[in-house]
There are 2 protein chains.
Amino acid sequence: MTVKRNTWQREAVREALDSRDGFVSAQGLHQGLRDAGSHIGLATVYRTLADLANVGEADSLQSPEGESLYRACASTGHHHHLICRNCGLTVEIAATEVEVWAKKTASDHGFTDARHVVDIFGLCPACTAASA
Amino acid sequence: MTVKRNTWQREAVREALDSRDGFVSAQGLHQGLRDAGSHIGLATVYRTLADLANVGEADSLQSPEGESLYRACASTGHHHHLICRNCGLTVEIAATEVEVWAKKTASDHGFTDARHVVDIFGLCPACTAASA
DNA sequence: CCCGTAATGATAACGGTTATCAATCCGAGA
DNA sequence: TCTCGGATTGATAACCGTTATCATTACGGG
Ligand SMILES: [Mn+2]
Ligand SMILES: [Mn+2]
Ligand SMILES: [Zn+2]
Ligand SMILES: [Zn+2]
């Protein structure tokens with residue numbers, strides 16, 4: 001059995017991620033931890049986030065600029081996101097309608113083992129008001 | 001007014017892109033051009049692809065690994081893609097259903113200036129058969 | 001033709017991410 | 001509680017895709 005050790009670093013990343021309500025980059029989370037007085041290493045943050053994502057404890061997606069972002073989501077099952085491109089505020093979206101469409105579209109063309117990327121980026125109400 | 005010059009490089013990129021039926025990376029296209037004997041520079045390929053994408057002559061998306069891929073699409077309007085993650089084969093998809101959903105989802109949550117990323121990655125029929 | 005300037009391309013720089021590897025320390029077993 | 005093997009860490013170098021630089025080339029309106 002693969003042993004999974006409990007280090008304060010791993011816990012620090014989990015907590016830091018939980019304390020945020022939007023998606024964050026590894027570097028952003030690392031900066032936040034350092035600002036809070038932690039001496040955690042950047043490589044560790046990268047490793048831990050990637051691991052949490054694999055295990056399913058965190059969701060990850062790529063920003064339009066190609067940066068990997070992470071988030072500790074409330075809902076456990078498969079879902080998508082509506083993200084503010086300015087402040088990162090995120091709304092979790094469950095859309096059966098889109099799930100069905102994606103599956104049907106793939107099979108209609110004979111594609112197998114299909115996965116989909118469905119994200120909506122916009123300006124949240126607050127940011128919209130602020131930029132008006 | 002900004003003038004748009006016709007260089008053999010620009011034409012070479014256009015042709016190389018047209019000759020492919022799947023999405024390609026800038027480096028991949030550059031390599032193909034070099035292999036065909038062209039002496040075009042890598043920076044030029046990057047610039048031209050980005051430009052063709054802005055003008056609308058090419059579509060672009062990010063691979064799951066975060067690399068920018070380009071393609072000269074047949075349909076001119078807004079559409080999405082069903083892509084074979086193995087050979088790159090691409091099927092253009094027009095899904096009014098999803099367009100409506102995306103717009104409604106964003107406005108329902110007060111988000112403005114919303115854009116969406118909708119792509120399906122799978123194995124095309126040929127690649128599915130080959131890996132069986 | 002001429003010439004102003006857009007375009008090119010070799011190369012350096014950039015930004016995010018991963019690999020290295022010696023030092024650290026977690027935790028199963030004694 | 002103590003030990004010790006190996007998982008984990010972190011400073012740093014390396015990696016890789018992409019963009020910035022800037023001297024040189026060459027498109028194209030006049
Ligand atoms: Mn889905
Ligand atoms: Mn769409
Ligand atoms: Zn916002
Ligand atoms: Zn295929």
Side-chain angles (χ1 to χ4, degrees), chain A residues 1-17 20 22-55 57-71 83 85 88 121, chain B residues 1-17 22-55 57-71 85 88 117:
Chain A
M1 289 286 273
T2 302
V3 184
K4 195 60 93 175
R5 295 185 179 176
N6 292 322
T7 63
W8 63 264
Q9 288 94 335
R10 189 181 187 77
E11 198 50 36
V13 170
R14 251 198 285 255
E15 285 178 17
L17 202 58
R20 306 230 177 182
F23 275 86
V24 215
S25 66
Q27 308 215 30
L29 200 68
H30 177 248
Q31 192 52 248
L33 283 162
R34 300 298 281 240
D35 291 345
S38 174
H39 286 183
I40 191 172
L42 177 58
T44 299
V45 174
Y46 268 105
R47 276 188 297 242
T48 305
L49 285 175
D51 190 53
L52 290 179
N54 283 331
V55 179
E57 281 190 58
D59 276 28
S60 70
L61 60 80
Q62 296 204 318
S63 71
E65 293 71 41
E67 194 176 10
S68 287
L69 304 180
Y70 298 86
R71 180 168 189 266
I83 307 155
R85 79 169 69 89
F121 292 88
Chain B
M1 287 293 273
T2 302
V3 184
K4 194 59 93 178
R5 297 183 180 178
N6 293 322
T7 62
W8 65 264
Q9 289 93 336
R10 190 180 185 77
E11 197 52 35
V13 170
R14 251 198 285 254
E15 285 177 18
L17 202 57
F23 276 86
V24 215
S25 66
Q27 308 215 31
L29 200 68
H30 178 248
Q31 192 53 249
L33 283 162
R34 299 298 281 239
D35 291 344
S38 174
H39 286 182
I40 192 171
L42 176 59
T44 298
V45 174
Y46 268 105
R47 275 188 297 243
T48 305
L49 285 176
D51 190 53
L52 291 179
N54 283 331
V55 178
E57 281 190 59
D59 277 29
S60 71
L61 59 80
Q62 297 202 316
S63 71
E65 292 72 40
E67 194 176 11
S68 287
L69 304 180
Y70 299 85
R71 179 169 190 266
R85 77 169 70 89
V117 178

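Chain letters run A, B, ... following the sequence lines, proteins first and then strands; every chain starts at 1.
For the pair Ile40(B) CD1 and dA10(C) C1', the computed distance is 14 Å after rounding to whole Å. Arg10(B) places its CZ atom 17 Å from the C1' atom of dT25(D), with the value rounded to the nearest Å. Rounding to whole angstrom units, CG of residue Leu33(A) and P of dG10(D) are separated by 11 Å. With rounding to whole Å, Arg14(B) atom CZ is found 12 Å from dA7(C) atom P. The separation between Asp51(A) atom CG and dA7(D) atom P is 14 Å, rounded to whole Å. One atom, NE2 of His30(B), and another, P of dT8(C), lie 13 Å apart when rounded to the nearest Å.
Taking CG of Asp59(B) as the reference point, atom CG of Leu17(B) lies at 9.5 Å (rounded to 0.5 Å). In this structure, NE2 in His39(B) is found 8.5 Å from CH2 in Trp8(B), a value given to the nearest 0.5 Å. In this structure, CD on Glu67(A) lies 11.0 Å from CG on Leu61(A), to the nearest 0.5 angstrom. Distance check, rounded to the nearest 0.5 Å: OG of Ser63(A) to CD of Gln62(B) gives 7.0 Å.
For the salt bridge (charged side-chain N to carboxylate O under 4.0 Å, His left out) test, no residue two or more places apart in sequence or in another chain qualifies with Arg47(B). Not counting sequence neighbours, the partners of Gln27(A) by the side chain to side chain donor-acceptor pair (under 3.5 Å) test are Tyr46(A). Remark: Arg14(B) engages Glu11(B), Glu57(B) in a side chain to side chain donor-acceptor pair (under 3.5 Å) (not counting sequence neighbours).
Comparing the start and finish of the helix from dC1(C)-dG30(D) to dA30(C)-dT1(D), five pairs each, the helix axis swings through 30°, to the nearest 10 degrees.
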Just by protein heavy atoms under 4.0 Å, how would nucleotides 13-24 of chain D read 5' to 3' in B, S and -? ----BBBBB---
Contact state string [nucleotides 23-30 of chain C, B base, S sugar-phosphate only, - no protein heavy atom under 4.0 Å]: --BBS---
Please test Arg10(B) against Asp51(B) for side chain to side chain contact (heavy atoms under 4.5 Å, CB included), starting from the C-alpha separation and ending with a verdict. CA-CA 10 Å; Arg10(B) 190 180 185 77; Asp51(B) 190 53; 2.6 Å; yes
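Residues Ile83(A) and Phe23(A) meet the side-chain proximity criterion, which asks for heavy atoms closer than 4.5 Å. Looking at heavy atoms from C-beta onward, Val13(B) lies out of side-chain contact with Gln9(B) at the 4.5 angstrom threshold.
With hydrogens and angles ignored, the 3.5 Å screen pairs a side-chain donor or acceptor of His30(A) with a backbone N or O of Ile40(A).
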